[in-house]
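What you are looking at is a predicted structure, and each value in this text was computed from that prediction instead of being measured. One is the number of the first residue; the rest follow in order along the sequence.
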Amino acid sequence: MTEPSPPSRRAARWSRRHFLSVAGTGTAAAAGVVTLQVTRGSGSAGASDQIVPFHGAHQAGITTPVQDRLHFAAFDVTSDRRDDVIGLLRAWTVAAAQLTRGEEVGDLGATDGPYLAPPEDTGEALGLSAANLTITIGFGPSLFVDADDRDRFGLAAMRPAALRDLPHFPGDNLDPTRSGGDLCIQACADDPQVAVHAVRNMARLAFGVAGVRWSQLGFGRTSSTSTAQATPRNLMGFKDGTANLKTEEAELLDQFVWVADGDDDSASWLAGGTYLVTRRIKMHIETWDRTSLAEQEGVIGRDKKRGAPLSGGEELTAIDFAAAGSAGPLVPIDAHVRLAHPSHNADSRILRRGYNFADGSDGLGHLDAGLFFIAFTRDPTRHFVPLQRNLARHDALNEYIQHTGSAVFAVPPGAASGGFVGDTLF
């Protein structure tokens, strides 16, 4: 049976693709002597100042200056074969390195593969820069022991003690279809199409081994991880994350973000990594928008225009919780900034990296919008859970928000060139 002829205007290109396919697969496999290696770019994707290196001691996308856009996805592993998981992590590592360099996925990319086969890259980022893309990969508790108490991949003995589903907090209304997951990918970039393209191609590589459990798009970072970045605003209109940890604070990062040797004898593989906590927080936007400015500022504990604490000064002025006026403390006792402050949480700190989201309406005439909270921490049970429990019980902000999704992941250290993310575990 003869092969159908492609349109004449593509005949020459098809012939070249067909030759490359044969030369790169059939000939090499048969003779063992021909190797085809193609390094591909994506149009203008060569600007070095828009490329964040993928390989390193730590994964990128943690202390990297926060980009403007997010595509986050959690995956369920559908295979029971350990080798499939390893193969997926190897493929993800190779693809992530290509994507963060602004290259197309695979050897032949979006347009130069065999004409009658699906392209290796989906193509929607052709002509775009790398846009400071970072891809961060994490492992959920269920990768080690699933909901049926099965140790599918022989990892149970190496599950870190701190890698457990977060407890139920007062006010939680969690949607199980927006919570949990065996694996996660956090793709951050300064171009939304670049971030979506990254997750789309990683999901495509996972076909047959893992499928998307839930995902979240985010825009407008709600924190800064560098002193060079201005403090952004969240959808409530307030500056957010003023006192966040910064990449320049190496000693504090070692203390509160990076897992160290000796933290957990059963999980030495995680040294140099961290834990990632996500919380999808829906804001009652309509109620907030009908609240007086005075009450809004009292709920947050900061001036809305400048971000200064209500105790006085400028945005970066230390909060004086003892300062009082005629009606009591200038910073109310149930203000968010008081209850979230390290001094009210055993001096514990977390590295925040959240994003705004707006997912249409909820079907009842209300916006489905809010904060997709992301934080990195050395130990969620010590640094995040007590903080969130304190906020859930006492924060005046609870009248205007509801937590609808939750997950926690162990983020292994970065991959060396030639290795893969998670090779310390496997």
Task: Test applied, salt bridge (Lys or Arg N to Asp or Glu O under 4.0 Å); reference residue, Lys282; option that passes from Asp175, Asp359, Asp362 - done: Asp362
Would you give the length of the straight line joining atom [atom1] of [X] to atom [atom2] of [Y], rounded to the nearest 0.5 angstrom?
X	Y	atom1	atom2	result
Asn390	Gln388	CG	CD	9.5 Å
Phe409	Ile185	CZ	CD1	10.5 Å
Tyr400	Met236	OH	CE	8.5 Å
Asp68	Cys188	CG	SG	10.5 Å
Gln186	Gln59	CD	CD	9.5 Å
Phe376	His383	CZ	NE2	16.0 Å

Can you tell me if [X] uses its side chain to pair, donor with acceptor, with the backbone of [Y] under 3.5 Å?
X	Y	result
Asn173	Thr404	no
Ser224	Ala230	yes
Asp146	Asp148	yes
Thr247	Ser226	no
Ser215	Ala73	no
Glu104	Gly123	no
Thr274	Thr377	yes
His366	Glu286	no
Asp84	Gly87	no
Thr381	Ala162	no

- [ ] Walk me through it: do Gln98 and Phe54 pass the test side-chain contact (heavy atoms from CB on, under 4.5 Å)?
- [x] CA-CA 9 Å; Gln98 291 177 312; Phe54 176 76; over 6 Å; no
Open item on the list: Test side-chain contact (heavy atoms from CB on, under 4.5 Å) on Arg393 and Arg389; report intermediate values, then the result.
Closed with: CA-CA 6 Å; Arg393 289 173 174 170; Arg389 187 172 285 130; 3.5 Å; yes
May I ask you to test the [X]-[Y] pair for a side-chain heavy-atom distance under 4.5 Å?
X	Y	value
Glu297	Phe238	yes
Leu88	Leu183	yes
Val277	Ile374	no
Val411	Ile137	no
Phe256	Leu351	no
Asp240	Ser223	no
Trp269	Asp423	no
Thr100	Thr134	no

Open item on the list: Could you go through Arg280 and Gln216, starting from their C-alpha distance and side-chain angles, then the distance that decides it, and tell me whether this counts as side-chain hydrogen bond (donor to acceptor under 3.5 Å, both in side chains)?
Closed with: CA-CA 9 Å; Arg280 187 180 188 272; Gln216 182 67 58; 3.1 Å; yes
TODO: Run the ring-centre check on Trp214 versus Phe72 and record whether the distance is less than 6.0 Å.
DONE: yes
Open item on the list: Between Phe75 and Trp92, is the ring centroid distance below 6.0 Å?
Closed with: yes
Charged N to carboxylate O below 4.0 Å: is that the case for [X] and [Y]?
X	Y	result
Glu315	Arg302	no
Arg152	Asp182	yes
Arg338	Asp395	no
Glu103	Arg101	yes
Asp121	Arg204	no
Asp76	Arg213	yes
Arg279	Asp172	yes
Asp190	Arg69	no

Task: The single option from Leu70, Thr63, Thr64, Ile62 passing side chain to side chain contact (heavy atoms under 4.5 Å, CB included) against Arg353 - done: Thr64
Closest approach of [X] to [Y] (non-hydrogen atoms, all atoms of both residues):
X	Y	answer
Asn345	Leu339	ND2-O, 2.8 Å
Leu276	Cys184	CD1-SG, 4.5 Å
Leu163	Pro141	O-CB, 3.7 Å
Asp261	Ala271	OD1-CB, 3.2 Å
Ala392	Asn398	O-ND2, 3.1 Å
Leu133	Ala187	CD1-CB, 4.3 Å

TODO: Give the intermediate values and the outcome of side-chain contact (heavy atoms from CB on, under 4.5 Å) for residues Tyr275 and Arg378.
DONE: CA-CA 6 Å; Tyr275 293 90; Arg378 182 174 174 178; 5.9 Å; no
- [ ] Mark yes when over 12 heavy atoms from residues, nucleotides or ligands other than Arg382 sit less than 6.0 Å from its CZ; otherwise mark no.
- [x] no
Open item on the list: Are there over 12 heavy-atom neighbours, none belonging to Glu251, within less than 6.0 Å of that residue's CD?
Closed with: no
Open item on the list: If we count only N and O atoms by modelled type, under 3.5 Å, do the side chains of Asn201 and Thr122 hold a donor and an acceptor together?
Closed with: yes
- [ ] Describe, in one word, how the ring planes of Phe169 and Phe384 are oriented to each other, choosing from parallel (under 30°), tilted (30 to 60°) and perpendicular (over 60°).
- [x] perpendicular
Open item on the list: Taking side-chain hydrogen bond (donor to acceptor under 3.5 Å, both in side chains) as the cut-off, I'd like each qualifying pair that reaches into residues 156-171, sequence neighbours left out, listed once.
Closed with: none
Task: Evaluation steps, side-chain contact (heavy atoms from CB on, under 4.5 Å), between Ile285 and Thr287 - done: CA-CA 6 Å; Ile285 295 291; Thr287 304; over 6 Å; no
